[in-house]
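Chain identifiers are assigned alphabetically (A, B, ...) following the order of the sequence lines, protein sequences preceding nucleic acid strands; residue numbering begins at 1 within each chain. Just the heavy atoms: all of them, side chains too, but no hydrogens, waters or symmetry mates, feed the values below.
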There are 2 protein chains.
Amino acid sequence: MQAAVVELLADHQLEEVTIPRVAERAGVHQATLYRRWGNIAGLVDDIVAERLGELAPIPDTGTLRGDLELAAVRFAEAIAPLGAIMIRAAALAAPDADSAVSFKTRATQLQAMLDRAAARGEKTPTLTELLESITAPLYFQELFFGRPADAEHARELVDRLLIYVEASR
Amino acid sequence: MQAAVVELLADHQLEEVTIPRVAERAGVHQATLYRRWGNIAGLVDDIVAERLGELAPIPDTGTLRGDLELAAVRFAEAIAPLGAIMIRAAALAAPDADSAVSFKTRATQLQAMLDRAAARGEKTPTLTELLESITAPLYFQELFFGRPADAEHARELVDRLLIYVEASR
DNA sequence: AGACAAACGCGAAGATAATTGCTTTAAAGC
DNA sequence: GCTTTAAAGCAATTATCTTCGCGTTTGTCT
């Protein structure tokens, strides 16, 4: 299932990736996909969540900078191969229940990461600051400029966030 | 045309806003819309660009902070009434030619704004830093949390950017 | 093994969207 | 005022998605 969607996204426009096509490629019946996910957005969103869970687990390196960088780089690498298209598809599904849950879960884990840093006595950003300073720009660049998320950019963003945190607290 | 789309977006899901429906509401023939825009995404993207041009002209207040705040607040106010839905629709159309042009135009104007500040001798962020620190978070919050862009939040982001710029240059 | 529940396969029917050739209206230039 | 050109209306055709009832498989529990 995962494979079929990723392959289709690789050489088709997002609008061309439909339930019937995914079903054909995956060798399952369309009705199965419609029953399980309802629409393409739900399916793709599920896959993004799955990928992030596998490829971008929340790190625990012992320092805030280490955690942030690893989290950011992993995140960038997990979404990069799929390009802007997958992010757009995931964004489409955003406000409904399921994807909200997967997002919330991830947010909770990131919060725990920040809490660990705070417990060590480090100056830490808020979760919102983290999401807005790192996740948001990575998504944004993909979405509007087609710039794939890469490790170097991710590190740059972490740096920017930490400079701000140091300066303002 | 504008009106028909905005009205439909007001009380329908994005997927329910289709060319045939917009055409009916606007009292024009669907073929007209298909010929001019090809699909819904192109149409919506056009409308977003038009709105931004009208409602969020690039300011020239005399100070960087003033410019940034006004630009951010206007931007937030221009997109807020449309909610996440319109951003998603615009994002869908992102990488193709037309929307790239409108985006580029806007980016050029913002760059000019930054240049003016630099000419006055102010410490200025890069265009990328501006987009990533202000535009990206506003989009992100709308997209994933349904939090409408509001003036206060916009100002907070400007503040964050300027603290960073002061601290790092 | 047998019984049950849950998920999947199948194909057809129904609904909607997208395209097309042609006609008609409107506008612009001369 | 007339000609030319571009855009909009129109309706039929085509393509595509989406849903549905029903039978079959698969896995689990006893």
Side-chain angles (χ1 to χ4, degrees), chain A residues 1-51 53-54 82 85-99 101-102, chain B residues 1-50 53 82 85-99 101-102:
Chain A
M1 203 72 273
Q2 263 243 21
V5 172
V6 172
E7 285 164 24
L8 279 175
L9 284 173
D11 46 31
H12 291 80
Q13 296 287 79
L14 174 57
E15 309 85 47
E16 292 166 7
V17 180
T18 63
I19 295 267
R21 269 188 260 258
V22 171
E24 189 193 10
R25 181 135 201 163
V28 299
H29 200 270
Q30 342 175 352
T32 302
L33 304 188
Y34 277 115
R35 276 192 278 253
R36 195 194 269 286
W37 287 286
N39 56 41
I40 252 295
L43 201 178
V44 173
D45 179 72
D46 237 41
I47 291 175
V48 170
E50 195 181 326
R51 274 184 85 88
E54 282 175 21
L82 305 176
I85 270 176
M86 193 154 226
I87 294 189
R88 272 187 279 150
L92 269 183
D96 67 350
D98 288 350
S99 83
V101 168
S102 75
Chain B
M1 204 72 272
Q2 263 242 23
V5 171
V6 172
E7 285 164 24
L8 280 174
L9 283 172
D11 46 31
H12 292 80
Q13 295 286 82
L14 176 57
E15 309 86 46
E16 292 168 6
V17 180
T18 63
I19 295 267
R21 268 189 261 258
V22 172
E24 189 192 12
R25 180 136 202 163
V28 300
H29 202 270
Q30 22 169 38
T32 302
L33 303 189
Y34 277 116
R35 276 192 273 255
R36 196 192 264 290
W37 287 287
N39 55 43
I40 243 320
L43 203 178
V44 173
D45 179 74
D46 238 40
I47 291 175
V48 169
E50 196 180 326
L82 305 175
I85 272 178
M86 193 153 225
I87 294 188
R88 271 186 280 151
L92 270 182
D96 67 350
D98 288 350
S99 83
V101 168
S102 74

Pairs: protein N or O with nucleotides 14-23 of chain D N or O, under 3.5 Å:
{"residue": "D:dC17", "atom": "OP1", "partner": "A:Thr18", "partner atom": "OG1", "Å": "2.8"}
{"residue": "D:dT18", "atom": "OP2", "partner": "A:Tyr34", "partner atom": "OH", "Å": "2.7"}
{"residue": "D:dT18", "atom": "O5'", "partner": "A:Tyr34", "partner atom": "OH", "Å": "3.3"}

Polar-atom pairs under 3.5 Å, protein N or O versus N or O of nucleotides 23-25 of chain C: list them with distances, or write none.
none

- Query: Under the side-chain contact (heavy atoms from CB on, under 4.5 Å) criterion, do A:Asp46 and A:Glu50 qualify, and how do the steps go?
  - Reply: CA-CA 6 Å; A:Asp46 237 41; A:Glu50 195 181 326; 5.7 Å; no
- Is there a side-chain contact (heavy atoms from CB on, under 4.5 Å) between B:Leu8 and B:Arg21 once you walk through the steps? CA-CA 8 Å; B:Leu8 280 174; B:Arg21 268 189 261 258; 4.3 Å; yes
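An end-to-end axis angle of 40° holds for the helix from C:dA1-D:dT30 to C:dC30-D:dG1, taken from five base pairs per end and rounded to 10°.
Counted within 6.0 Å of CD on A:Glu24, heavy atoms from surrounding residues, nucleotides or ligands total 12 or fewer; the atom is thus considered open.
For the pair B:Glu7 and B:Arg25, the salt-bridge criterion is met [side-chain N within less than 4.0 Å of a carboxylate O].
Rounded to the nearest 0.5 angstrom, B:Thr18 OG1 and B:Leu33 CG are separated by 10.0 Å. Atom CG of B:Leu9 is separated from atom CD of B:Glu16 by 10.5 Å, given to the nearest 0.5 angstrom. Going from atom OG1 of B:Thr32 over to atom CE of B:Met1 covers 9.0 Å, rounded to the nearest 0.5 Å. Going from atom CD1 of B:Ile47 over to atom CG of B:Leu43 covers 5.0 Å, rounded to the nearest 0.5 Å.
The CG-P distance, from B:Leu8 to C:dA17, rounds to 12 Å in whole Å. Distance B:Arg36 CZ to D:dA6 P: 14 Å, rounded to the nearest Å.
A 4.5 Å side-chain heavy-atom check between A:Tyr34 and A:His29 finds every atom pair outside the cut-off. Inter-residue side-chain proximity for B:Val17 and B:Val22 is flagged as met; some heavy-atom pair is nearer than 4.5 Å.
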